[in-house]
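A note on names: the letters A, B, ... follow the listed sequences, proteins ahead of strands, and every chain is numbered from 1. Just so it is clear, the structure is predicted and the values come from calculations on it, not from any experiment.
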Protein chains: 2
Amino acid sequence: MDQRQALGAFAALSQETRLQIVRLLVVAGPDGMAAGALAEKVEVSPSNISFHLKELEHSGLIAAQRQSRSIIYTANYEALGGLVRFLMEDCCSGHPEICAPAAEVAACCAPTAKENLQ
Amino acid sequence: MDQRQALGAFAALSQETRLQIVRLLVVAGPDGMAAGALAEKVEVSPSNISFHLKELEHSGLIAAQRQSRSIIYTANYEALGGLVRFLMEDCCSGHPEICAPAAEVAACCAPTAKENLQ
DNA sequence: TCAATACTTAAAGGATGATTGAAATATGGA
DNA sequence: TCCATATTTCAATCATCCTTTAAGTATTGA
């Protein structure tokens with residue numbers, strides 16, 4: 001994740017509907033959610049959700065795949081993790097305070113995190 | 001950090017000049033940097049940097065304090081940490097993949113992180 | 001108190017982003 | 001093939017954000 005990508009990701013997340021979408025997809029997991037289901041959950045029109053889904057897809061935070069008549073959207077965990085990493089990147093060069101809350105949250109899934117560390 | 005604050009923080013970070021400012025201040029540490037020094041580093045006009053500094057301050061990501069003729073800006077580590085935490089909050093409810101990169105970075109300053117965990 | 005330094009504020013513009021409704025595309029079943 | 005479903009695209013409008021220039025405030029030293 002470079003600065004250009006991070007800027008795009010921050011822009012994508014700076015809109016209420018889009019932030020809600022991402023959070024719903026993170027919770028939904030690998031199964032994802034259809035555009036229509038998302039529209040219902042966040043209570044916006046089909047055309048509006050489509051607009052925001054395009055933006056999120058373009059930013060790389062989510063991915064789309066057609067499944068019959070529906071289009072299923074899923075969170076891109078790699079991109080989200082990359083963004084967290086980007087935000088924390090500089091903190092170790094002298095100021096670990098930023099990392100503390102991250103470490104706190106990361107601790108809850110330490111086993112997996114540890115695995116991915118190797 | 002609630003959703004309203006996160007939205008503001010993401011909006012603040014979604015602009016190149018502001019993202020640069022925050023990253024400079026994170027590296028600068030508790031000493032911070034004067035508005036003029038920041039303007040020189042990111043190569044924008046005084047009035048322009050002032051505009052962006054106001055936005056960042058309003059979002060809570062940075063703080064200001066006058067010191068003689070200069071105004072010194074510092075990163076708000078608590079807010080930045082809170083944002084990281086917000087981004088990762090849902091990942092543990094089933095999908096720890098997001099936390100992995102965070103844990104990786106957090107590991108480098110583990111001692112401090114551990115202290116703050118209690 | 002006057003002038004210089006360091007910033008901020010205000011106003012005006014141009015650019016970008018969001019919302020809406022209507023029309024278009026893709027898929028599956030009768 | 002025809003219709004219904006699910007979603008996207010397009011065009012128009014409105015709102016918001018960014019940049020610039022000019023004027024204003026605060027602080028220091030002569």
Kindly indicate, with the supporting measurements, whether the criterion side-chain contact (heavy atoms from CB on, under 4.5 Å) is fulfilled by A:F86 and B:L19. CA-CA 11 Å; A:F86 181 86; B:L19 185 55; 4.1 Å; yes
For B:S68, which contact category applies under a 4.0 Å heavy-atom criterion: base, sugar-phosphate, or nothing? sugar-phosphate
Side chain to side chain, A:K41 and A:M33, heavy atoms closer than 4.5 Å: yes
Return whichever of A:H52 or A:Q67 has its heavy-atom-nearest nucleotide of DNA chain C closer to the 5' end. A:H52
Closest non-hydrogen atom pair, A:G8 against A:S59: O-CB, 3.9 Å
Can you name the one residue among A:T17, A:I21, A:I71 that meets side-chain contact (heavy atoms from CB on, under 4.5 Å) with A:L53? A:I21
I'd like to check B:T74 versus B:L25 (side-chain heavy atoms, cut-off strictly below 4.5 Å). Are they in contact? no
Please evaluate residues B:L87 and B:F10 with respect to the criterion side-chain contact (heavy atoms from CB on, under 4.5 Å), reporting the C-alpha separation (whole Å), side-chain torsions for both, the decisive distance (0.1 Å), and the verdict. CA-CA 10 Å; B:L87 250 186; B:F10 285 132; 3.9 Å; yes
Between residues 37-47 of chain B and DNA chain C, which residues have a heavy-atom gap below 4.0 Å? B:P46, B:S47
How would you label the contact of B:A34 with the nucleic acid (heavy atoms, under 4.0 Å): base, sugar-phosphate, or nothing? sugar-phosphate
Count the heavy atoms of every other residue, nucleotide or ligand shown that sit under 6.0 Å from CD of B:Q3, and state whether that count exceeds 12. yes
Mind checking if B:S50 touches a base, just sugar-phosphate, or nothing, with heavy atoms under 4.0 Å? base
On DNA chain C, reading 5' to 3', which nucleotide is the first and which the last to sit with an atom under 4.0 Å from a heavy atom of chain A, could you check? C:dA18 to C:dG28
Earliest and latest nucleotide of DNA chain D, 5' to 3', sitting under 4.0 Å from a non-hydrogen atom of chain B? D:dC18 to D:dT28
Show the nearest heavy-atom pair for residues A:V42 and A:Q20, with the distance to one decimal. CG1-CB, 3.9 Å
Go nucleotide by nucleotide along DNA chain C from the 5' end; which of A:N48 and B:I71 gets its closest nucleotide reached first? B:I71
Has the side chain of B:S14 got a donor or acceptor atom that lies under 3.5 Å from a matching backbone atom of B:A11? yes
Side chains of A:N48 and A:H52: does their closest heavy-atom pair fall under 4.5 Å? yes
Say whether, by atom type as modelled, one donor and one acceptor occur between the side chain of B:Q5 and the main chain of B:D2 under 3.5 angstrom. yes
